[in-house]
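Quick notes on the structure that follows.
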Amino acid sequence: MSDEARGALDIDQSKYDFRDPEVSVYRSVKGLTRETILDISAHKKEPAWMRDIRLRAYEVFLAKPMPKWGGDLSEMDFDAYTYYIKPTDKREDEWGDVPEDIRKTFDRLGVPEAERKFLAGVGAQYESEMVYHSIREDLAKKGVLFLDTESGLREYPELFRKYFGTLVPPEDNKFAALNTACWSGGSFIYVPKGVKLDIPLQAYFRINSENMGQFERTIIIADEGSDLHYIEGCTAPQYSTRSLHTGVIEIFVHKGAKVRYTTIQNWSHNIYNLVTQRAIAYENATMEWVDGNMGSRLTMKYPSIYLVGEGARGNVLSIAFATSGQHQDAGTKIIHKAPNTTSTILSKSISRGTGRTSYRGLLKVAKGATGVKASVKCDALMLSPESRSDTYPTMEIDEDQVSIAHEATVGKISDDQIFYLMSRGLSEQDATSMIVQGFIEPFAKQMPMEYAIELNRLIQLEMEGAVG
Amino acid sequence: MPELALDIRDLRVSIDDGENEKEILKGIDLAIPAGEIHVIMGPNGSGKSTLAQTLMGHPKYKVTSGEVSLLGEDLLALKVYERACKGLFLAYQYPVEVPGVTLAHFLWNAHQAKLQATQPEAKKDPKAVLAFRKRLNSALETLKMGPDFSTRHLNVGASGGEKKRIEIAQMEVLEPKVVLMDEIDSGLDIDSTKVVAQAIHAMKKPGFTALIITHYPRILEYLQPDRVHVMASGKVLCSRGMELARELEQKGYDWILKEYNAS
Ligand SMILES: Nc1ncnc2c1ncn2[C@@H]1O[C@H](COP(=O)(O)OP(=O)(O)OP(=O)(O)O)[C@@H](O)[C@H]1O
Ligand SMILES: [Mg+2]
């Protein structure tokens, strides 16, 4: 991209790149020790069983080696992070009670405004805890629970314990263990039998403190025949030292229920984003991950779906965008364990400058899972000669009566397309970002409109960066 | 207004096919007064599209010498999008498909970019987008195309003839001053040719200048061009009136190539 092509866009970058003075009542010391974990647990006034899980997870975390596959984690220093920050003493239900500077941050992100428009409830995570929480009254009447995870544990201990850590146990991987040891914040959602939510629930997450690890833990339970769309969006300010985000998300989709989990993450370019997202779908249930990964220094994230009941469906739609110095190592795991289960995966990745995207996918069909239909499509677009894109698809098919389609394309942006758009009056940069937006359109059109617009704006921002 | 909309002098153009440079345009001279409609005909491979693409600024075509002015300005010094903003428009022989980008979205952005370039001081009119929609829909209607084309992805899945009509619809909406039309009538059925010709005819107003590349005189019967040029082997062989187009239709190119010792 030519120099003059850059900077032509007038976009309010400050909307995404700002930091507020830190406010916190309690802040743990840097580094992770057994004492830190006891501290966190005591501070949260948790039951003993949760404290014990944390401690067990801590041992697992210490015992497990750093993963050698995926992205480069060699520069990560676990001692450099703060593992828990509690920004205010109590959670607020009224927007007006939220401390001024935190409110300002959310105002700039447009949270309440978005809520007014179409949201059923907002759980806003500021640093480690939910500080703002609201849910429409009629949802509450229907028995829908939408709380921060701590409140979920406190107010619905049995329900919580029945599900917590059952899909993603600490033993699963080093970062799941880390999250289990020091989780804080996240959403706890329960939708009762037959309740269908016609508007999405959503939470905003925001990391605003240097070298702070954010370990949100989200649990979503969709009871039989229910229907839920949950949206999580993240923007983080830019910092000079490296932050860590390690979330765990567990989603349970019971018989005949449907859950869609949509996320667009735009981490600042120095964050390690290492997330475990897993869902289980029972008989005739549908699980959909709509996953957008932008920003971060390294993202390793492989949303997975276990199709365990006959007729269950799983769809995953993802985009990843890596600019210079970034590596998006993302993919999808689908495990067909029951007959007549179906899945579709559509992955779109874009790399620019020295950016690198990898698609790392697993499609598994267990013996006995007859009549499975699965399709995997990965498209990669590279915008610069130095960009890199790799595909690592793994298929483990232990059953003959299945129908599986796999397609992968890797392409460079076409000069003729750019020329065509420019010949109508668009600058090179506008033409390029329009083509990129077109490339991810199958993803964007699945988003509520405001998110699609936000996504396009983020893409334009990414196209503006310093290295071409 | 400058007298000449396009003034091309000794234009030489090469392409680099990876190994060696090949000269395709070997000294083109062509002057088109503002407000006139000119035609270029010529055998396949004679360089007609190369000329059109070069004028629009495709990076593949390297200008090795010559000068071109567009409405009195040095065209070759302008970037591609600047050429468009100055009022140049190319209707492509092979319109490009852009998946995921709707015609309306694309054209609105192009329209805004042009506006920004020509009237940077103009205030943003919040109703402009509605007016634009109307214009696009009416342009599509003129071309006998449903309004759904505005929300379809640019040229994706469109038939050959539909693509050509989408080009003309874009032209109507963007209101260029100087248009280059590269085989806009190829692949059009008889009725569509008429529809397209009428649409172009309707755009004729003082100062509207067109250079039409074609192999068939049919569309020209509607448009009554001022001048017909014949290109062969990267050069303009001769320039005459409309009767030349009919003659070529009857007799082919051999005779005229012989007449000018160009075969
Ligand atoms: N990108 C290219 N690579 C190689 N050769 C090219 C390229 N573009 C044009 N040429 C060559 O230049 C010559 C002129 O091509 P051009 O497309 O301009 O012809 P034309 O007069 O438009 O023909 P037609 O009537 O078939 O459309 C041809 O010999 C063609 O093969
Ligand atoms: Mg041609």
Side-chain angles (χ1 to χ4, degrees), chain A residues 1-11 317 319 321 346 348-350 377 379-381 407 409 411-447 449 452-453 455-457 459-460 463, chain B residues 52-61 78-103 105-118 124 151-156 163 166-167 169-171 173-176 179-180 182:
Chain A
M1 187 163 304
S2 64
D3 271 328
E4 58 88 35
R6 271 181 230 123
L9 280 165
D10 97 78
I11 283 167
L317 194 58
I319 57 159
F321 192 130
L346 175 60
K348 297 254 176 189
S349 71
I350 301 148
K377 191 172 186 312
D379 298 325
L381 183 63
E407 193 189 321
T409 65
K412 293 216 179 329
I413 201 152
S414 136
D415 287 344
D416 284 330
Q417 285 180 339
I418 293 183
F419 178 64
Y420 186 74
L421 301 187
M422 282 176 74
S423 74
R424 299 295 189 244
L426 299 179
S427 67
E428 184 177 355
Q429 171 164 320
D430 287 355
T432 310
S433 58
M434 190 171 280
I435 292 164
V436 170
Q437 285 170 24
F439 177 75
I440 61 158
E441 184 268 355
F443 178 87
K445 78 174 180 208
Q446 295 296 326
M447 304 248 149
M449 198 176 57
I453 291 169
L455 178 67
N456 280 342
R457 235 188 271 143
I459 296 268
Q460 285 178 324
M463 300 295 297
Chain B
Q53 298 273 331
T54 304
L55 293 177
M56 198 68 243
H58 198 296
K60 197 162 62 185
Y61 300 97
L78 299 175
K79 303 257 186 301
V80 178
Y81 65 92
E82 290 169 337
R83 298 177 192 202
C85 294
K86 299 276 183 208
L88 186 66
F89 184 96
L90 169 61
Y92 288 70
Q93 181 172 4
Y94 304 109
V96 178
E97 300 187 3
V98 188
V101 177
T102 65
L103 174 62
H105 176 70
F106 156 58
L107 213 50
W108 166 249
N109 280 277
H111 177 262
Q112 290 298 99
K114 258 187 96 169
L115 201 69
Q116 182 66 34
T118 49
K124 285 222 162 101
T151 51
R152 277 172 58 167
H153 297 166
L154 193 51
N155 293 323
V156 177
K163 283 181 186 169
I166 291 168
E167 294 289 289
Q170 292 181 40
M171 192 170 103
V173 171
L174 294 176
E175 296 182 307
V179 302
L180 313 167
D182 194 355

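A, B, ... follow the sequence lines: proteins, then strands. Residue 1 opens every chain.
Lys114(B) places a side-chain N or O within donor-acceptor distance of the main-chain N or O of Leu174(B), the cut-off being under 3.5 Å.
With respect to chain A, the highest number of heavy-atom pairs below 4.5 Å among Ala113(B), Ala84(B), Pro95(B) belongs to Ala84(B). Contacts with chain A were tallied for His153(B), His111(B), Arg83(B), Lys60(B); His153(B) has the most, counting heavy-atom pairs under 4.5 Å. No other option in Leu421(A), Ile418(A), Ile435(A) has as many heavy-atom pairs under 4.5 Å with chain B as Leu421(A). The candidate with the highest count of non-hydrogen atom pairs below 4.5 Å against chain A, out of Met56(B), His58(B), Gln53(B), is His58(B).
Using a 4.5 Å heavy-atom threshold, the side chains of Arg424(A) and Gln170(B) count as touching. For the pair Ile319(A)/Ile350(A), no side-chain contact is recorded, criterion being any heavy-atom separation below 4.5 Å from C-beta on.
There is no contact between Leu107(B) and chain A, counting heavy-atom distances below 4.5 Å. Using a 4.5 Å cut-off between heavy atoms, Ile440(A) does not touch chain B at all. Residue Pro176(B): no heavy atom, backbone or side chain, is found under 4.5 Å from chain A. Proximity to chain B is limited to the backbone of Phe439(A), based on heavy atoms less than 4.5 angstrom apart.
A donor-acceptor contact closer than 3.5 angstrom is absent between the side chains of Tyr81(B) and Asp430(A).
With sequence neighbours left out, the ring-ring contact (aromatic ring centres under 6.0 Å, His included) criterion links His105(B) to no other residue. Lys412(A) is linked by a salt bridge (Lys or Arg N to Asp or Glu O under 4.0 Å) to nothing, counting only residues two or more places apart in sequence or in another chain.
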